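Every chain is numbered from 1, with letters handed out A, B, ... down the list of sequences. Just so it is clear, the structure is predicted and the values come from calculations on it, not from any experiment.
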2 protein chains.
Amino acid sequence: MNALIALGKRAKQAARVLACQTTEKKDAALAEIAQALRAQLPAILRENARDLAAAAENGMAVSMQDRLRLDEPRVQEIAAAVEQVIALPDPIGQVIGGGNRPNGLKIEKVRTPLGVVGMIYEARPNVTVDAACLCLKSSNVCILRGGKEAIHSNTELVRIMREALEAQGLPAYCILLVEDTTRASAADLMTLNGYVDVLIPRGGKGLIQSVVQNATVPVIETGAGNCHIYVDESADLEMAVCVCDNAKTSRPSVCNAVETVLVHRAVAAQFLPKLAQKLAEHQVELRGCARTLALLPQAIPATEEDYATEYDDYILALRVVDSLEEAIEHIQTYSTGHSEAILTNDFANAQAFTTRLDSAAVYVNASTRFTDGGEFGFGAEIGISTQKLHTRGPMGLNELCSCKYIVTGNGQIR
Amino acid sequence: MNALIALGKRAKQAARVLACQTTEKKDAALAEIAQALRAQLPAILRENARDLAAAAENGMAVSMQDRLRLDEPRVQEIAAAVEQVIALPDPIGQVIGGGNRPNGLKIEKVRTPLGVVGMIYEARPNVTVDAACLCLKSSNVCILRGGKEAIHSNTELVRIMREALEAQGLPAYCILLVEDTTRASAADLMTLNGYVDVLIPRGGKGLIQSVVQNATVPVIETGAGNCHIYVDESADLEMAVCVCDNAKTSRPSVCNAVETVLVHRAVAAQFLPKLAQKLAEHQVELRGCARTLALLPQAIPATEEDYATEYDDYILALRVVDSLEEAIEHIQTYSTGHSEAILTNDFANAQAFTTRLDSAAVYVNASTRFTDGGEFGFGAEIGISTQKLHTRGPMGLNELCSCKYIVTGNGQIR
């Protein structure tokens with residue numbers, strides 16, 4: 001814990017310096033970071049190779065090894081993402097409310113940094129640069145605690161970024177890495193009250209639940225996405241096939257991919273075979289209720305657990321429902337509150353679906369895959385909140401901010 | 001825990017019903033509540049008398065007994081506060097952002113209820129009605145867990161409010177009371193994940209820290225207020241005496257009262273005796289640094305601990321500083337991030353103070369006592385956030401809300 005407290009103190013000091021920097025200064029540091037990442041490609045690849053060698057030796061799954069791997073195009077992508085952050089508006093200092101009070105006090109509500117943002121994440125080294133740069137632009141100091149699998153890559157990336165900060169006259173301590181990757185260091189970060197203003201976990205369900213259960217600092221719960229599409233009686237079925245296919249197969253591993261499609265019984269016989277035919281192109285495994293099985297002999301029976309599962313894979317649960325009401329009840333029962341869509345041409349049904357369902361994003365006639373900071377126009381995101389406190393949905397620069405009230409007067413008393 | 005889970009399930013069901021109610025319906029229920037509180041005054045006073053009798057028997061401090069006491073004027077005040085909530089704008093459904101995306105998707109960001117709001121609080125029964133009615137107006141179900149000292153009063157107030165809800169066709173379960181006032185029930189409420197969307201503690205430091213340390217549900221930390229006023233070299237000293245006196249003595253027990261006054265050395269000799277003379281009218285005890293003691297023989301020496309203490313009493317810490325810089329450093333060291341004021345006529349100093357200090361409210365030439373939902377124009381407040389996640393400062397109806405994105409298209413895929 002002592003090591004983390006020392007880190008926390010440095011973070012608080014750096015946060016005070018960073019809070020007062022101009023946009024120009026922060027953007028210059030971001031540009032320096034992008035350039036340095038490109039310039040120091042060989043060093044990055046060398047350290048990444050050490051992580052990859054250890055991963056292979058420890059028998060890491062091939063798909064996980066792929067997430068860990070950096071190569072020239074990926075580093076170029078990371079650097080380009082940093083440059084995109086430069087182009088985004090600086091949220092700090094934006095006046096987001098206020099006015100004059102009857103007694104003559106003037107109140108301004110102003111965006112401020114959160115302060116110190118802790119990130120606990122797993123094997124993807126690109127998160128290290130993404131998170132650090134979004135924090136930098138929003139004047140937040142970050143304390144990064146990545147997985148042990150990526151420790152050599154992360155250490156190198158942080159070294160490069162910190163050199164770039166110093167070259168631009170900013171404190172290196174604006175970007176902090178927890179070098180100890182044991183469970184103990186994660187536990188310490190979760191209870192670093194007084195130093196960490198918010199902790200954002202990014203990774204699998206186990207990681208996120210561990211943070212929610214054990215943290216005493218404020219947390220934003222991210223990522224769990226058991227998303228649904230309801231194909232209403234009045235849906236354009238050709239569009240529905242296209243949207244369901246896109247939501248399932250364009251990138252099954254992400255949290256905004258659809259996991260269950262609900263179909264109104266009046267169109268099930270017409271729709272389900274078409275959907276199954278389309279999904280067969282990607283060998284999607286179908287798991288359905290009894291009425292689905294009657295229409296799709298290739299499907300296997302879905303259990304209660306299937307409906308509660310975020311597959312993140314080429315697997316789709318199906319259920320035929322009698323009504324919009326039944327679809328809403330199903331979603332209320334199983335949803336994680338991420339993204340749900342109705343495909344319909346019925347105005348009242350669209351209205352009921354979007355009003356009654358309480359998820360971060362509710363769609364009419366579009367794919368759930370749009371729940372994403374880039375697609376929403378935020379430019380970039382640090383995660384997708386599935387809790388209701390602070391914010392919901394994609395978290396961009398504005399969502400990395402707090403606020404304060406500046407109140408000016410001429411001697412008012414109460 | 002089972003009793004709390006049962007309560008949590010009812011709360012979730014009620015939250016779905018409440019989320020879809022019109023403003024008219026909610027306002028009618030609030031009017032019914034106000035009327036019922038007035039009509040059932042004798043029953044309220046009878047149950048409150050039981051709490052007061054137990055309090056006297058248990059030797060509760062007289063000041064605490066006073067906070068517990070209800071009488072006709074106080075019940076009238078409580079009912080009037082309910083009617084003020086009717087007059088406030090309904091935050092639910094307000095469109096707070098959005099626009100069209102290049103691909104034709106239309107995104108609306110809409111205010112939604114948080115869902116289920118847990119409140120853990122101490123002996124003041126008025127909080128029961130205040131919290132329930134602010135939650136009702138913002139379509140949140142509340143789970144109230146008051147102190148055992150007020151259990152008879154709270155049970156009666158909740159019974160009356162629930163009858164009023166039912167009379168207006170709303171589920172009684174929109175207002176829930178945890179009748180078990182043991183520590184175990186508080187602990188259960190703190191870990192009611194999946195049912196409680198946010199938990200707001202209101203009370204002393206011990207209560208708030210216990211919630212922060214033990215809750216696994218999202219928490220808003222409230223109320224700690226070690227507030228400062230810095231009297232700059234250029235301050236209007238007459239105004240400064242008036243503002244410091246107001247900030248200390250108008251209501252010393254509340255969180256926005258000032259606890260330490262810092263004075264620039266150039267004006268200390270002129271200012272401190274005047275301030276001491278004014279504060280003597282309220283027998284305020286003064287604790288000061290060595291330079292203060294040299295000017296005010298009646299003051300006693302201040303320790304490091306004094307500067308860190310929220311007295312909530314007729315006690316004021318004083319310190320003479322060499323510069324604005326030293327004042328800012330002192331505040332950064334000891335502040336709880338609630339409210340700080342500078343009294344100055346120097347523009348650059350005012351700017352530096354408000355920019356560099358990171359508290360919920362920073363004032364120029366006004367009393368810290370204005371950090372209050374009513375004074376800020378929010379109409380009412382459920383507490384004052386001193387954390388940076390979700391919101392800072394007074395929490396009114398808007399701050400009792402989350403948001404969701406409603407996205408409409410015509411078949412967009414990604």
Interchain contact, [X] with chain B, by part (heavy-atom threshold 4.5 Å):
X	answer
A:Ala247	neither
A:Ile107	side chain
A:Thr354	both
A:Ser250	side chain
A:Cys20	side chain
A:Glu221	neither
A:Asn345	neither
A:Arg369	both
A:Asn103	side chain
A:Asp236	neither
A:Ala361	both
A:Leu357	backbone
A:Lys109	side chain

- Item | A:Arg414/B:Glu375 salt bridge by N-O under 4.0 Å criterion | yes
So which residue, [options], ends up with the most heavy-atom pairs under 4.5 Å with chain A?
options	result
B:Ala360, B:Ala366, B:Cys401	B:Ala360
B:Gly393, B:Gly377, B:Pro218	B:Gly377
B:Ile413, B:Thr216, B:Val364	B:Ile413

Region of [X] that comes under 4.5 Å of a non-hydrogen atom in chain A:
X	result
B:Pro102	neither
B:Ala15	neither
B:Ile406	both

- Do A:Ser402 side-chain atoms and B:Lys388 backbone N/O form a donor-acceptor pair below 3.5 Å?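 Yes: the side chain of A:Ser402 pairs with the backbone of B:Lys388.
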- Could you check if a side-chain atom of B:Ile220 sits within less than 4.5 angstrom of a side-chain atom of A:Leu389, using non-hydrogen atoms only? yes
- Message: With side chain to side chain contact (heavy atoms under 4.5 Å, CB included) as the test, pick out the partner of B:Tyr405 among A:Phe370, A:Phe376, A:Tyr363.
- Response: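 Only one option passes, and that is A:Phe376.
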